[in-house]
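Because the structure is a prediction, the values reported are computed rather than measured. Along the sequence shown, residues are numbered consecutively beginning with 1.
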Amino acid sequence: MSNYLEELNGSQRAAVLYNDGPSLVIAGAGSGKTRVLTYKIAYLLDNGYEPWSILALTFTNKAAREMKERIARQVGMDRARYLWMGTFHSLFSRILRMEAELIGFTPHFTIYDAADSKNLLKTIIKEMQLDDKTYKPAVVQHRISQAKNRLLLPEVYGADAGLREADTAAKMPAIGQIYRRYAERCRQSDAMDFDDLLLQTYLLFDRHPEVAGRYAERFRYVLVDEYQDTNYAQHCIVRQLTQKYRRVCVVGDDAQSIYSFRGANIDNILKFTELYQEARLFKLEQNYRSTQTIVKAANSLIAKNRDRIQKEVFSENQAGDPLTVSCAYSDVEEGEIVANRLQRLHLREECGYDGFAILYRTNAQSRIFEEALRKRNIPYRIYGGLSFYQRKEIKDIISYFRLAVNPHDEEAFKRVLNYPARGIGNTTLNKLLAAATTHHVSLWTVVEEPAAYGLEVSKGTLAKLKGFHDLIAGFRADTAVKDAYELGGEIVRQAGIVSDLYQDRSPESLSRQENVEELMTGIHDFCALRQEEGNTRVGLSDYLSEVSLLTDQDSGTDEEGAKVSLMTIHSAKGLEFRTVFVVGLEENLFPSLLSGDSYQALEEERRLFYVAITRAEEHCFLSYAKSRFRYGKTEFCSPSRFLRDIDARYVQWPEGAPQTVRQDSPPPVRKVFIPSVRPVPTVSATGASASSWAPTTVMTKAGRLQVGDMIEHERFGPGEVTRLEGSGDDCKATVVFRHAGTKQLLLKFARFKIAGR
């Protein structure tokens, strides 16, 4: 027996050694999946297989490189380099170049990336005289991609009554025609997009059985990693290559199938043994990553899913602490709780910051945690994405804010002159820049008096520039009379950003919408806090002064050194951390509001929570907020049903936590909210004691307040009043909050209730 086989446990070794027919390896979280794949390929090479006769399909180039390096350490690089190992797209593009002429392409065909594809679609939509605000190129691209991944050719798509009805309902009845024209233009250009690399490979094998047979003979053994993430096209191509000799091994974990929005089909792994009835099933159930308690908690959670392959993951690591649930009064306090606990653990256990991860359901949630970490000078990085204030839609809106305060801001001017699209292109911008440079004035000055500065553009362009000028001038006038929240909402609406972002329901568009709503929540928090501190009107310039410091700090988040990782749970798959915080565990956030349509969608959300928990090695902290400021108002939240799916033996709940979680109430209809008027504060001081400087008690709408009272603030949670000063509308309270630190509140605007009353 080869030495490397002695490193495997019994289940791993059995999966490696069986190669006489199809096999399905269900690899639980942290169970050594990569080691099994690596050693299985090494074993095949040691037992009569040539490297070029093994096809190993992965989902990332990084995974393929790492596996090839590990295999090379076992069998030598001279043999490992000849393996057919890589992503579906990279390996199938090699086959297509060798066989291109059979399907009407040349071996030198171009591969269009997403930007190339979108630009071609923009051209086609314009040629067909369709409204690009209705037929958004990104949305059209997504629908065509879905069709290709289901192996639907343009002629089939156009003839499908169900698809035509869906497109008509979405007010895009011409999608089928666009798809047909797009396919024709790609072929004329001798080009394929990424989805074509799968579609054309399937068509090559389907229409030329002799070619499929040749590759089936060549690839004596086919391995597929992360099989739960395969789409229909990938699944069908694997069947084409393995149906005759059936030497195929697929590896994955149905409990970690979380990419249906990308076309992944969990049935591919669930029904594998129905398609290959003689297949052997191997289960890798020993988790080497996490404590016993974390593993048992995750098992009890995923057991609530109906569609799954039964397995019992176990750990022989230390028992470990229970998962800890924290209940925050608000999303703001949740950020403070997480940051405080993280800081304490960092100091107490001497754990480097790179051992921590904060995982959330949506990108928009990062803002509050970024700001809580910054306050404590805790270094962090956004993994797999941009920091909140670096996201395009946020930078666009901030640029409008900057112009409203200072219309001579050249960078902000250039960024939004034609966003949303208003027909002012680069040619006009270059003329503006030339005029401004010649006369040593700002772009805004030229737009104010184009004739005076010799701007030579058509009447139509002049009208568009005047429209932009009047829009910004109106915002500028409002800065003197409206606060940041009210004016910010008007800018987002009147500039056309709402209509641009809220027209489709693609995952990318929904993420951008959530980011915009979170930005408005941040502005609301900023205004409310400044009011409670005694500032009667908080202008847009005040907000920009604050946010410019945040965006400056963003530029330094990629420096070397240990950092806390912030990421969506989707981005965390495949990673592991000593300590994990899973945040925002509330109904309609996690599980997502969009998951109420079917039990399959809800089960995918539960699998997503399973992935989050199983990233943790030693500590797993779960948190939810009782309230969030969303869609322009404070919403009261229920803890996620998933929290109660975990066996109570493995969870430590906060004192007074609810004993049941509502599960049967229908989710509310998601509504678009861009604010125009800030909610009126409901609590104010109505009087003071005889002493106007340091009263011992004051009367508020919440009742009589005195030093030593505990209050429950709407955003900062519980705190103790340590000082009262001033009188009437100027009466202030100093409060030491449990998690948010010490704050001085102007009682006229403060929103709280007195504990116990």
query = For Gln277, does the CD atom have more than 12 heavy-atom neighbours from other residues, nucleotides or ligands under 6.0 Å away?
reply =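 Atom CD in Gln277 is not packed in, count stays at 12 or less.
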
task = For atom CD of Glu101, decide whether the heavy atoms of other residues, nucleotides or ligands shown that lie under 6.0 angstrom number more than 12.
result =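 No, because the 6.0 Å sphere around CD of Glu101 holds 12 heavy atoms or fewer from other groups.
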
task = Apply side-chain hydrogen bond (donor to acceptor under 3.5 Å, both in side chains) to the pair Arg143 and Gln141, showing each step before the final yes or no.
result = CA-CA 6 Å; Arg143 291 175 95 93; Gln141 184 181 40; over 6 Å; no

So does [Y] get a backbone contact from the side chain of [X], meaning a donor-acceptor N/O pair under 3.5 Å?
X      : Y      : answer
Glu618 : Arg578 : no
Lys304 : Asp645 : yes
Arg615 : Val611 : yes

query = Taking only residues at least two apart or on different chains, which pairs with a member in residues 16-38 satisfy salt bridge (Lys or Arg N to Asp or Glu O under 4.0 Å)?
reply =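 Sorted pair list: Lys33-Asp225, Lys33-Glu226.
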
task = Scan for side chain to side chain donor-acceptor pair (under 3.5 Å) pairs involving residues 103-114, sequence neighbours excluded, and state none if there are none.
result =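 Of all non-adjacent pairs touching residues 103-114, those that pass side chain to side chain donor-acceptor pair (under 3.5 Å) are Thr106-Asp190.
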
message = Per the side chain to side chain donor-acceptor pair (under 3.5 Å) rule, what does the pair list look like for residues 258-267, sequence neighbours excluded?
response =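 Qualifying pairs, neighbours excluded: Ser260-Glu604.
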
inquiry  = Less than 4.0 angstrom from a charged side-chain N to a carboxylate O is my criterion; do Arg214 and Glu99 meet it?
reply    =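 Salt bridge: yes.
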
ask   = How many angstroms lie between CD1 in Ile111 and CG in Asp196, if you round to the nearest 0.5 Å?
value =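 So the CD1 of Ile111 and the CG of Asp196 are separated by 10.0 Å.
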
query = Which distance, rounded to the nearest 0.5 Å, do you find between the CZ of Arg289 and the CG of Leu575?
reply =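 It is 8.5 Å, given to the nearest 0.5 Å.
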
ask   = Given the rule in the ring-ring contact (aromatic ring centres under 6.0 Å, His included) test, do His619 and Phe581 qualify, once you have shown the distances and angles that lead to the verdict?
value = CA-CA 8 Å; His619 306 293; Phe581 295 86; 9.3 Å; no

key: Between Asn268 and Thr230: side-chain donor-acceptor atoms closer than 3.5 Å   =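 A donor-acceptor contact under 3.5 Å links the two side chains.
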
request  = Report the C-alpha distance between Phe577 and Phe356 in whole Å, list the side-chain angles of each, state the deciding distance to 0.1 Å, and finish with yes or no for ring-ring contact (aromatic ring centres under 6.0 Å, His included).
outcome  = CA-CA 6 Å; Phe577 302 91; Phe356 295 93; 9.6 Å; no

ask   = Under 6.0 Å between ring centres, would you say that holds for Tyr353 and Tyr380?
value =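 Centroid separation for Tyr353 and Tyr380: 6.0 Å or greater.
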
ask   = Cation over ring, Arg247 on Tyr221, under 6.0 Å and within 45°?
value =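 Because its charged atom misses either the 6.0 Å distance or the 45° angle limit, Arg247 does not stack over Tyr221.
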
ask   = Can a cation-pi geometry be assigned to Arg220 and Tyr245, taking NZ or CZ under 6.0 Å from the six-membered ring centre and within 45° of the ring axis?
value =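 Ring-cation test returns no.
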
message = Walk me through whether Ser93 and Ser90 qualify under side-chain hydrogen bond (donor to acceptor under 3.5 Å, both in side chains).
response = CA-CA 5 Å; Ser93 68; Ser90 65; 6.0 Å; no

